[in-house]
Number of protein chains: 2
Amino acid sequence: MSERRARASTVDKRNRLLDATEEIMLRDGYAAVSSRSVAARVGINPPLVHYYFATIDDLFVAVLRRRSLRNVARMAEALAAAEPLTQWWRLASDPRGSALFIELIAAANHRPALRAEVGEVAREVREMQIERLRSLLPEYGIDPEAIAPALVAAAMQGLAFGLVQDQGAGYDTATADAAAGMNRLLSRLEQRRAAAVSGS
Amino acid sequence: MSERRARASTVDKRNRLLDATEEIMLRDGYAAVSSRSVAARVGINPPLVHYYFATIDDLFVAVLRRRSLRNVARMAEALAAAEPLTQWWRLASDPRGSALFIELIAAANHRPALRAEVGEVAREVREMQIERLRSLLPEYGIDPEAIAPALVAAAMQGLAFGLVQDQGAGYDTATADAAAGMNRLLSRLEQRRAAAVSGS
DNA sequence: GTCTATATTGAGATAGAC
DNA sequence: GTCTATCTCAATATAGAC
């Protein structure tokens, strides 16, 4: 019965359109997303895309919503894990997720509807991170007065984005050295925290 | 004689086209750059843009080259200044320059000709920063074995890009707190270095 | 739900007159 | 150098048949 693929339900088709959109964004950038390109990838006709997503803005917003629902949950898990900073770093420097967010952010810069959504997600995630860092930094032996939680959060995300971007584009900016250095730093911090927490 | 503006020389016109391109990129994003939009801003006809820059890729590459010539020189100055890290930070977190680079990098992600140029500039700047950090980090009281120069360089740039991006887009991600924290950190580091250098 | 057909808009680029 | 005119292509989106 491999031939007789059941007619995809509306929800399935929506998800396949979102998958296709993500793949196009990752491979060719957000500017390559169009009703034509998405339709071609899914194997339907361009106008049908508009049946599911009235405008291209709606499509981008849906991609963002689906991703960020997952990612907010994953960030919450990471921050509650045994080695929070390390898990956060793994999540932030995951090429797939980050590369997609870079495209969404770039797209949002000239799509107001998308910008509002991105802003909301960014705010929520950052708030969660900062709140967690308030109690976490002392455990890692870092004085929150000396190094502000907001600074740590912004640096983690900015660093991860930069590394993923440079690696993805193939820029020769010593990304391997930076990543290795970050991993060494993280393991030292986790060791320090483990000792401090068990000792208290 | 304010009325009788002299016919702009070829070089002037080229520069005016580059200025217009930058302004459009900053205001509406790189995707808004076209022979039509640039021509309208300068007050000439679209085909004339192609006379000066055969393709839109050439136009983007020229914008990048002009900017990066300035910025590489400025980075070299910053790294040689009395307070190198502070000057570097000022330069990296300058909204105008950074916002433009964000657009160029996003554009480069789907314009191979531009990508090659961006990669070359990124590599050159990063190499310069890392080389300088090798001798600089110990002066700031930072062990380069513990915190790798490549990591510091990537973090500085990533942090600055993130802050500028979030501020520009109006995202409420505690950017003011992060910036204030960075300034505090920098002044402590500069004090430490001043003491260490004068004391040796 | 899915298609064909099409309206509209704007892009990049070129030809050729002046 | 600068213009008008135009070619070609692809984008978003809608109308309407099936």
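Chain letters run A, B, ... following the sequence lines, proteins first, then strands; residues in each count from 1.
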What's the closest nucleotide to the side chain of A/Asn45 if the choices are C/dC3, C/dT2, D/dT4? C/dC3
Which residues satisfy the side-chain contact (heavy atoms from CB on, under 4.5 Å) test with B/Leu189, sequence neighbours excluded? B/Leu85, B/Tyr140, B/Ile142, B/Leu185, B/Arg192
A/Phe60: partners by ring pair (Phe, Tyr, Trp, His ring centres under 6.0 Å), with sequence neighbours left out: none
Please report, rounded to the nearest Å, how far the P atom of D/dT2 is from the CZ atom of B/Arg14.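 Atom CZ in B/Arg14 sits about 14 Å away from atom P in D/dT2.
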Residue pairs fulfilling side chain to side chain donor-acceptor pair (under 3.5 Å) with at least one residue in residues 72-85 of chain B, sequence neighbours excluded: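 Not a single pair qualifies under side chain to side chain donor-acceptor pair (under 3.5 Å).
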Please list, for nucleotides 12-16 of chain D, all pairs of protein and nucleotide N/O atoms separated by less than 3.5 Å.
{"from": "D/dT12", "atom 1": "OP2", "to": "A/Ser35", "atom 2": "N", "distance (Å)": "2.9"}
{"from": "D/dT12", "atom 1": "OP2", "to": "A/Ser35", "atom 2": "OG", "distance (Å)": "2.9"}
{"from": "D/dA13", "atom 1": "OP2", "to": "A/Ile56", "atom 2": "N", "distance (Å)": "3.2"}

Most 5' of B/Ala32 and A/Ile44 on DNA chain C, judged by nearest nucleotide: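 Here A/Ile44 is the residue nearer the 5' end.
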Mind jotting down which residue pairs meet the side chain to side chain donor-acceptor pair (under 3.5 Å) criterion with at least one end in residues 96-105 of chain A? Sequence neighbours excluded, please.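 As it turns out, there is no side chain to side chain donor-acceptor pair (under 3.5 Å) pair with a partner in residues 96-105 of chain A once direct neighbours are skipped.
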Partner of B/Asp19 under salt bridge (Lys or Arg N to Asp or Glu O under 4.0 Å), chosen from B/Arg66, B/Arg67, B/Arg14: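 Of the listed options, the one satisfying the test is B/Arg66.
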Looking at B/Tyr52, does any N or O in its side chain come under 4.0 Å of the phosphate oxygens OP1/OP2 on D/dT2? yes
Measure from CG on A/Leu48 to C1' on D/dA17 and round the result to the nearest Å.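 Rounding to the nearest Å, CG of A/Leu48 and C1' of D/dA17 are 15 Å apart.
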Acceptor/donor pairs from residues 168-182 of chain B side chains to any protein atom, 3.5 angstrom cut, sequence neighbours excluded:
{"from": "B/Thr173", "atom 1": "OG1", "to": "B/Asp166", "atom 2": "OD2", "distance (Å)": "2.7"}

Rounded to whole angstrom units, what separation is found between the OH atom of B/Tyr51 and the P atom of D/dT4? 17 Å
